[in-house]
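Taking it in order: structure first as structure tokens, then the write-up.
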Amino acid sequence: MITRVDFIGLPTRDLEVAVRFYGETLGLERSAYRPDRHHAEFETGNLTINVMNSERMGLQHVVNSNPIALHVDDVAAARSDLEGRGVEFAMDTIDTGVCHMAFFSDPDGNALMLHHRYAPQTTEK
């Protein structure tokens, strides 16, 4: 019945700040911008991120505290680039033995991470 996830919604209280962060700071392609409808969309390659002023849409503003893993080829290089753009990371980059992860948040406090899996992915049977 369900064939995919079309988008994930992230709340913002300031659409213009969110648009600059996702578009300029993170460098994601903006595919929709509808300030009259209180949202904008950004493409990651396999999932659309919809930033929206949820309160103006009649929804509750609830910050996402579980990070969205944004794939990069090199976490250290991407982190350094984003730090140069003013992004603050929560802690040192983590090496799990399978992947590298670097945690940060958008201007509204929604949790994000840079992620790169370097070990082959296995599938449970």
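The basis for the numbers below is simple: all heavy atoms, side chains too, and nothing from hydrogens, waters or symmetry mates.
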(request) Kindly compute the distance separating OG1 (T93) from NE2 (H100), expressed to the nearest 0.5 Å. (result) 8.0 Å
(message) My understanding is that a hydrophobic cluster links ILVMFWY residues whose side chain heavy atoms are under 4.5 Å apart, including indirect links. Using that, what else belongs to the cluster containing V87?
(response) V5, I8, L10, L15, V19, F21, Y22, L26, L28, Y33, F42, L47, I49, V51, I68, L70, V72, V75, L82, F89, F104, L112, L114
(message) Quick one: does any side-chain atom of D108 pair with a main-chain N or O of N110 as donor and acceptor, under 3.5 Å?
(response) no
(message) Which residues pass the salt bridge (Lys or Arg N to Asp or Glu O under 4.0 Å) test with E55, not counting sequence neighbours?
(response) R13
(message) Is it true that N46 and T44 share a donor-acceptor pair across their side chains at a distance under 3.5 Å?
(response) yes
(message) Within this structure, what is the CZ-CE distance for the pair R117 and M101, rounded to the nearest 0.5 Å?
(response) 10.5 Å
(message) I need the F7 CZ to H39 NE2 distance, nearest 0.5 Å.
(response) 8.5 Å
(request) Only counting residues at least two apart or in another chain, list the ones meeting side chain to side chain contact (heavy atoms under 4.5 Å, CB included) with H38. (result) N53, R56, M57
(message) Restricting to salt bridge (Lys or Arg N to Asp or Glu O under 4.0 Å), what partner residues turn up for R20, sequence neighbours left out?
(response) none
(request) Could you pull out all residues at least two apart from E43 that satisfy salt bridge (Lys or Arg N to Asp or Glu O under 4.0 Å)? (result) none
(message) A quick test of your reading: do over 12 heavy atoms of other residues, nucleotides or ligands sit less than 6.0 Å from CD of Q60?
(response) no
(message) Applying ring-ring contact (aromatic ring centres under 6.0 Å, His included) as the test, list every pair that has at least one member in residues 48-79; sequence neighbours left out.
(response) H71-H116
(message) Can you tell me if R30 has over 12 outside heavy atoms packed within less than 6.0 Å of its CZ?
(response) yes
(request) Would you name the heavy atoms of S54 and P11 that are closest together and state the gap between them? (result) OG-CB, 3.6 Å
(message) Could you report the tightest heavy-atom contact between S105 and A111, atom names first, then the distance?
(response) OG-CA, 4.2 Å
(message) For P67 versus F103, what's the shortest heavy-atom pair and its separation?
(response) CG-CE2, 3.7 Å
(request) Measure the CG-CG distance between D6 and N50 for me, rounded to the nearest 0.5 Å. (result) 11.0 Å
